[in-house]
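Heads up, the thing below is written out as structure tokens.
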Amino acid sequence: DGEYPVFGANGILNDTTYSNILDSRINNIVVENLLDHSGGWNRDISGDPMFNSYAIATAMGVTPPADPVTVIRYMLANEMLDFTPATDYNYSNFGYCILGRVIE
């Protein structure tokens, strides 16, 4: 069952590291959305943050390249989702990056 929330008060990643969230729909993402690329990110619309780690590191004030936690923190705090979770499919390296933190 992949219906486990990832972010928010009941989420797997519910610590303060991931609490600065711009788009409230982030709190609706469940593990299954990350597994099936329906988390809300479309790299054709907003790009792939996993290939933008130097710019993200600069924006976050850390030494480049940005590590996965920094990339996630940046995206949650600064970017809106491209679609509501579970309503579309778009391959997402970033979703799998989040999934890696869930597994970790």
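Just so we're clear, the structure is a prediction, and the values are computed from it rather than from any experiment.
Of all non-hydrogen atoms in Cys97 and Pro68, the two that sit nearest each other are SG-CB, 3.6 Å. In terms of heavy-atom proximity, Gly95 sits nearest to Leu34 at O-CD2, 3.7 Å. When all heavy atoms are compared, the tightest approach of Asn14 to Gly8 is CB-O, 3.0 Å. Residues Ser53 and Pro65 come closest through the heavy atom pair OG-CB, 3.4 Å.
With rounding to the nearest 0.5 angstrom, the CD1 atom of Ile98 is 11.5 Å from the CG atom of Asn93. Of the inter-residue distances, the one linking Asn33 atom CG with Tyr4 atom OH reads 14.5 Å to the nearest 0.5 angstrom. If you take CG on Leu13 and OG on Ser19, they are separated by 12.0 Å, rounding to the nearest 0.5 Å. Rounded to the nearest 0.5 Å, atoms OH (Tyr91) and CG (Asn42) are 13.5 Å apart. With rounding to the nearest 0.5 Å, the separation of CD1 in Ile21 from CE in Met75 is 12.5 Å.
Shown here are the side chain to side chain donor-acceptor pair (under 3.5 Å) partners of Asp36, two or more places apart in sequence or in another chain: Ser38. A search for salt bridge (charged side-chain N to carboxylate O under 4.0 Å, His left out) contacts involving Asp23 returns Arg25, not counting sequence neighbours.
Criterion: ILVMFWY side-chain heavy atoms under 4.5 Å apart, direct or through other members. Under it, Leu35 and Phe94 are part of a common hydrophobic cluster. Transitive grouping of hydrophobic side chains (ILVMFWY, heavy atoms separated by less than 4.5 Å) keeps Phe7 and Leu22 in distinct clusters. Criterion: ILVMFWY side-chain heavy atoms under 4.5 Å apart, direct or through other members. Under it, Phe83 and Val31 are not part of a common hydrophobic cluster. When the side chains of ILVMFWY residues are joined at heavy-atom separations under 4.5 Å, either directly or via intervening members, Val69 and Trp41 end up in a single hydrophobic cluster. In the hydrophobic clustering of this structure, Val102 groups with Met50; members are Ile, Leu, Val, Met, Phe, Trp, Tyr whose side-chain heavy atoms approach within less than 4.5 Å, directly or through other members.
Here side-chain hydrogen bond (donor to acceptor under 3.5 Å, both in side chains) pairs that include residues 73-82, with residues two or more places apart or in two chains, are Ser46-Asp82.
A 4.5 Å side-chain heavy-atom check between Pro5 and Ile12 finds every atom pair outside the cut-off.
Checked by atom type, the side-chain pair Asn27/Ser24 shows no donor-acceptor distance below 3.5 Å. At a cut-off of 3.5 Å, with distance as the only test, no side-chain donor of Tyr18 or Asn20 sits close to an acceptor on the other residue.
Proximity of a side-chain donor or acceptor of Thr70 to a complementary backbone N or O of Ala66 within less than 3.5 Å is not detected.
Using cut-offs of 30° and 60° for the angle between ring planes, the Tyr96 and His37 rings count as parallel.
Of the residues Ile26, Thr17, Val71, the one that meets the side chain to side chain contact (heavy atoms under 4.5 Å, CB included) test with Leu76 is Ile26.
Annotation for Asp15: atom CG counts as buried by contact number, over 12 foreign heavy atoms lying within 6.0 Å.
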